[in-house]
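Below is one structure, written out as structure tokens; the observations come after it.
Residue numbers start from 1 in every chain, and the chains themselves are labelled A, B, ... in the order their sequence lines are given, proteins ahead of strands.
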Amino acid sequence: MSDTVRVRYAPSPTGFLHIGGLRTALYNYLFARHHGGKFILRVEDTDRARFVEGAVEDFMHMLNWAGIEIDEGPGRDGPYGPYYQSQRLDLYTNHAQKLLNEGHAYYCFCSSDRLDQMRKFQEKSKLPPKYDRTCLRLSPEAIKKNLDDHIPFVLRMKVPHDSTVQFTDLIRGEVEFAGSNIDDQVLVKSDGYPTYHLANVIDDHYMKITHVIRGEEWVSSTPKHILLYRYFGWDVPQFAHLPLLLNADRSKMSKRQGDVEARAYPPKGYLTEAVVNFISLLGWNPGDEREIFTMDELIKEFSIERIHKAGAIFNIEKLNWINTQHIRRKSDEEIYNMLKSDLEKSGYSDFPKQYVMSAIGLMKERINFIHELLTFSSYFFRDPDTFDPDGVKKRMLPPAKKHLSELADRLEKLDVFQHNEIENVFRTYAEENKIKASELIHPTRLAISGVTLGPGLFDLIAVIGKETVVRRMRYVVSHFDQITKLPA
RNA sequence: GUCCCUUUCGUCUAGUGGCUUAGGACACUGCCCUUUCACGGCAGAAACAGGGGUUCAAAUCCCCUAGGGGACACCA
């Protein structure tokens, strides 16, 4: 085994990148980077029937989105390519032949019908379900005849029943399987393609993979893989089987219960940092009480030893919180840049960068998603056309009409239109009229934003600007009866 | 059914025999701050699946039971 750590994420293009797959890729990546090793993407496209168009592109795109850099893989050639299994068929065939020659594999001509019946019988008789080795007993002549007759066949591996296969899982410790419980796995399908088990072992060997970090669903086939390594006389890599991501009901995470495809998250407004941070914590923790991490910090902290054994439920509430944490850590300018295209789409592209950044500054701590700046606080960009009915009822009382009118006049006269000066206008007016400032503040907020919640009013006024604020206040004054009547 | 894995607050988790009246975070509740909503601060409720051992001492080690999950394809 080479000194440099080499790990791989090896998805099958039978669907789009699963959020659990993204976590597996991330753990591999973190491990590689932590150890100064290589992260390889290998496409396991040996199932021609289930191939999904666009899946590979989706993997690449989402990995890139997540900030997971591929050192070797499709489109990024390395010394051990190609990185599509469908382009490595000869390799598998040669090695299968070798296994056959050495008696570690055998021809099987059983039809799927027969296999189905066999399994049904085994199930009924409460026997462990495995191939019954009918074809292992075929004479060389019978095999030759079948071959000559072009009867479809598969190659199965011959598992020694009298031994046990044991391995040390980096996460689970010692795991042991009795040879008698290991099935004579199909290695080469009747279409000539290898199964996962064969191809995966051969590729991991030739790609010099040092650590196989994959989902827990693979533990039970690991002994088969180890046997294959032994048959070929190869070193066995280290194994680490990750706990599964679970639905709320603790079943394996699947559709129906929330979004399982990674690509569903960016459009919802989840930040790369948040998703990466969140999934990194699903089964791993740094050992102290920090929870917010950048990719670089994760790379620094990550270790396989600190991976949990039990499956984790994907808890969207916590993701949301982590998203808010990362929003706050971003500069106003970063957020501005992320918002740019949405701004254009909404027709708000005329607003100066400085203005939008000020709005961002005021809203950053109040939003869960960046796009909420455009939805929940559209009043930064357009005059309100509706007024929160409950707010109107409670705050837009008759005296407000006069107050708004007067305040608008006073604001208009202000030379320095900033927080303190604005606040002064309100406080002074309140004192003069012997009323509480809140009797002014609430109607004003409603008048200029249409809603009852938002940033501190004086900051809001300062950012939105004199002209707009005064216009909106006067609009409400002139439509006061209409506005206060509507919500009846 | 067979094999394998797993089991600490609702959820993510800390805990590797004494430091633990089991810690943190999300969510939840209350209070404070406050012009609103958030933020923030403080407080609260909330867990070692059960039973046996081992030990002076167990959430931590062992065994059994139960629950959960995964695998059992010519899918990965």
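Nucleotide B:rU29 forms a pair with B:rA43, judged by Watson-Crick or G-U wobble geometry with both contacts under 3.5 Å. Checking B:rC9 for Watson-Crick or G-U wobble geometry (two distances, each under 3.5 Å) identifies no partner in any strand. Using Watson-Crick or G-U wobble geometry with both donor-acceptor distances under 3.5 Å, B:rC3 finds its partner in B:rG70. B:rU36 is unpaired under the criterion used here, namely a Watson-Crick or G-U wobble arrangement in which both key atom distances are under 3.5 Å.
For RNA chain B, no neighbouring residue in residues 158-165 of chain A is found when judged by any heavy atom under 4.0 Å.
Considering only side-chain N and O atoms, A:Arg50 lies nowhere under 4.0 angstrom from the phosphate OP1 or OP2 of B:rA76. Distances shown here put every side-chain N or O of A:Thr195 at or beyond 4.0 Å from the OP1 or OP2 atom of B:rC75. Residue A:Lys189 places at least one side-chain N or O closer than 4.0 Å to OP1 or OP2 of B:rA76. Contact check, A:Arg250 against B:rC12: a side-chain N or O comes under 4.0 Å of OP1 or OP2. Contact between the side-chain N/O atoms of A:Asn315 and the OP1/OP2 oxygens of B:rC12 is not found at any separation under 4.0 Å. Between A:Arg119 and the phosphate of B:rC74, there is a side-chain N or O to OP1/OP2 separation shorter than 4.0 Å. Contact check, A:Arg156 against B:rC74: a side-chain N or O comes under 4.0 Å of OP1 or OP2. Between A:His197 and B:rC74, a side-chain N or O to OP1/OP2 separation shorter than 4.0 Å is absent.
In terms of position along RNA chain B, the nucleotide closest to A:Pro243 lies nearer the 5' end than the nucleotide closest to the other residue of the pair A:Pro243 and A:Trp321.
Using cut-offs of 30° and 60° for the angle between ring planes, the A:Tyr270 and A:Phe369 rings count as perpendicular.
Scanning atom types as modelled, one donor and one acceptor separated by under 3.5 angstrom connect the side chain of A:Lys318 and the base of B:rA25. No hydrogens or angles were tested; on distance alone, a donor-acceptor pair under 3.5 Å links the side chain of A:Arg366 to the base of B:rC37. Below the 3.5 angstrom threshold, one finds no donor paired with an acceptor across the side chain of A:Ser220 and the base of B:rC4.
Its glycosidic angle being within 90° of 0, B:rC39 falls on the syn side.
With no hydrogens or angles considered, a side-chain donor-acceptor pair links A:Arg306 and A:Asn285 at under 3.5 Å.
As a whole-Å value, the separation of A:Ile327 CD1 from B:rC39 P is 13 Å. Atoms CZ (A:Phe278) and C1' (B:rA27) sit 13 Å apart, rounded to a whole Å.
For A:Asp58, there are no side chain to side chain donor-acceptor pair (under 3.5 Å) partners two or more places apart in sequence or in a different chain.
Contact record, A:Val477 with A:Lys401: O-CE, 3.5 Å, taken as the closest heavy-atom pair.
Comparing the same atom, C1', in B:rU8 and in B:rG24 gives a spacing of 13 Å after rounding to whole Å.
Checked against the 6.0 Å centroid criterion, the rings of A:Phe278 and A:Phe314 qualify as a close aromatic pair. With ring centers used as reference points, A:Tyr27 lies under 6.0 Å from A:Phe302. A ring-centre distance under 6.0 Å is not found for A:His205 and A:Tyr229.
Side-chain atoms of A:His371 come within 3.5 Å of backbone N or O of A:Lys268 as a donor-acceptor pair.
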